[in-house]
Structures are given as structure tokens and as C-alpha cells.
Amino acid sequence: MDAKHYADVLNEHHIKPTANRIIVLKTLAETGRPLSMMELENKIMSIDKSGIFRTLSLFKDNHLVHVIEDGGDGVRYELCHSHDEEVDDDLHVHFYCEQCQRTYCLDHIPVPQVEVPQGFVVNSANYMVKGICPQCAMARHRA
């Protein structure tokens with residue numbers, strides 16, 4: 001996809017397209033899995049940590065990314081597949097590999113409905129399954 005496509009996506013979410021915002025969006029889109037702040041910093045050498053963080057915060061506020069707990073001690077950022085600018089209806093299960101510490105989207109598996117007691121209001125859900133990814137399992141099997 002070209003820069004115009006990414007600029008159009010930003011405009012759809014009421015975000016002014018700038019070079020840095022396009023770079024962050026492109027990186028998230030091309031990687032295809034949730035990324036930690038450190039992974040983004042390592043992939044985007046042209047933008048400092050605070051610039052990446054400000055961009056992610058703006059994206060989150062405008063429902064372009066959502067934040068998931070990564071199964072370890074941090075968070076990861078993932079593009080929303082939802083096209084609703086008000087609500088993120090893109091809830092799905094994530095898988096955290098305990099060996100390579102990568103988090104994968106399991107887009108085809110929805111988060112199970114959880115009934116909460118009366119008086120509680122659910123704003124979001126984070127459903128993480130932990131284990132070993134196929135690549136790590138194969139490497140383990142060969143060793």
C-alpha cells in the first residue's frame with residue numbers, strides 16, 4: 001500500500017496525516033501482529049520514542065489502534081480492524097508465545113461473552129491465551 005492509502009485511513013479516523021503518523025501506521029499494518037513500544041522503536045529508527053508514543057496515543061484516542069496486555073509485563077499496540085470511529089468492535093483472542101515472547105492475533109476467534117454481576121459496566125475485554133507458537137514448537141521438536 002502506498003502513502004496515499006495510509007493518509008486516507010488517517011483521514012477516516014479524523015487524524016491529520018503527517019509523515020511520522022504514516023510511518024507508524026505503515027509499520028503496524030505491514031507487521032500484521034501486535035507490537036510493543038520497544039519493537040516499534042527498533043523498526044522505526046527515524047522517530048524518537050516520545051514521537052511514537054504520542055502517535056500511538058492519538059491513534060488510540062481515535063480508535064485506530066487498541067492496546068492489549070501482552071501476556072508479560074507490558075502492552076502491545078494493534079491496528080483496529082473495526083471501521084467504527086466511535087467504538088472498537090474488533091474484540092478477538094490473542095496468543096502469547098512464552099518462548100519467543102511474540103503476541104499473535106487470532107482474528108477468527110471472538111472473545112467469549114462474559115456475564116458480570118449487576119452494577120458492573122464492561123468497557124473492554126482482553127483475552128490472552130499463552131503457550132508455544134507453531135514456529136517455536138517446531139524448533140523445539142527438531143532440537
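Computed from a predicted model, the values in this text were never measured in an experiment.
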Open item on the list: Is there a side-chain contact between I109 and Y127 in this structure, where contact means two heavy atoms from C-beta onward sitting under 4.5 Å apart?
Closed with: no
- [ ] Take atom OH of Y6 as the centre, draw a 6.0 Å sphere, and report whether it contains more than 12 heavy atoms from other residues, nucleotides or ligands.
- [x] yes
Task: Between NE2 on residue H66 and CG on residue L56, distance to nearest 0.5 Å - done: 12.5 Å
- [ ] Report yes or no: do M45 and I47 belong to one cluster of Ile/Leu/Val/Met/Phe/Trp/Tyr joined by side chain heavy-atom distances under 4.5 Å?
- [x] no
TODO: Could you grab the distance from atom CG of L35 to atom CD of E41, nearest 0.5 Å is fine?
DONE: 12.0 Å
- [ ] First locate atom NE2 of H63, then atom CD of E12, and finally report the distance between them rounded to the nearest 0.5 Å.
- [x] 15.0 Å
Open item on the list: Between M128 and T103, is the side chain to side chain contact (heavy atoms under 4.5 Å, CB included) condition met? List the steps.
Closed with: CA-CA 9 Å; M128 182 69 66; T103 302; 3.9 Å; yes
Open item on the list: On a heavy-atom basis, which atom in Q113 and which in E115 lie closest, and how many Å separate them?
Closed with: CG-OE2, 3.8 Å
Side chains of residues 19-30: which donor-acceptor pairs under 3.5 Å do they make with residues two or more places apart or in other chains?
from : atom 1 : to  : atom 2 : distance (Å)
R21  : NH1    : K16 : O      : 2.7
T27  : OG1    : I23 : O      : 2.8

Task: Straight-line distance of Q135 CD to C97 SG, nearest 0.5 Å - done: 8.0 Å
Open item on the list: I'd like to check V67 versus R76 (side-chain heavy atoms, cut-off strictly below 4.5 Å). Are they in contact?
Closed with: no
Task: R140/M138 under side chain to side chain contact (heavy atoms under 4.5 Å, CB included): CA gap, chis, key distance, verdict - done: CA-CA 5 Å; R140 204 184 244 191; M138 284 188 348; over 6 Å; no
Open item on the list: Salt bridge or not between R33 and E39? Use side-chain N to carboxylate O under 4.0 Å.
Closed with: yes
Task: Least distance between heavy atoms, C105 atom then P34 atom - done: SG-CD, 3.5 Å
Task: Transitive ILVMFWY side-chain link I132 to V93, under 4.5 Å - done: no
Task: Residue pair V9, L79: steps toward the side chain to side chain contact (heavy atoms under 4.5 Å, CB included) verdict - done: CA-CA 11 Å; V9 170; L79 284 179; over 6 Å; no
TODO: Mind jotting down which residue pairs meet the side-chain hydrogen bond (donor to acceptor under 3.5 Å, both in side chains) criterion with at least one end in residues 50-59? Sequence neighbours excluded, please.
DONE: D48-S50, S50-R54
Open item on the list: Below 30° counts as parallel, above 60° as perpendicular, anything between as tilted: where do the rings of F95 and Y104 land?
Closed with: tilted
TODO: Kindly compute the distance separating OH (Y77) from OG1 (T31), expressed to the nearest 0.5 Å.
DONE: 15.0 Å
Open item on the list: Going by side chain to side chain contact (heavy atoms under 4.5 Å, CB included), name the residues that satisfy it together with M38, two or more places apart in sequence or in a different chain.
Closed with: S36, N42
- [ ] Just do the side chain to side chain contact (heavy atoms under 4.5 Å, CB included) check on L64 and L58 with the steps written out, would you?
- [x] CA-CA 8 Å; L64 182 54; L58 179 65; over 6 Å; no
Task: Distance (rounded to the nearest 0.5 Å) between H94 NE2 and L106 CG - done: 8.0 Å
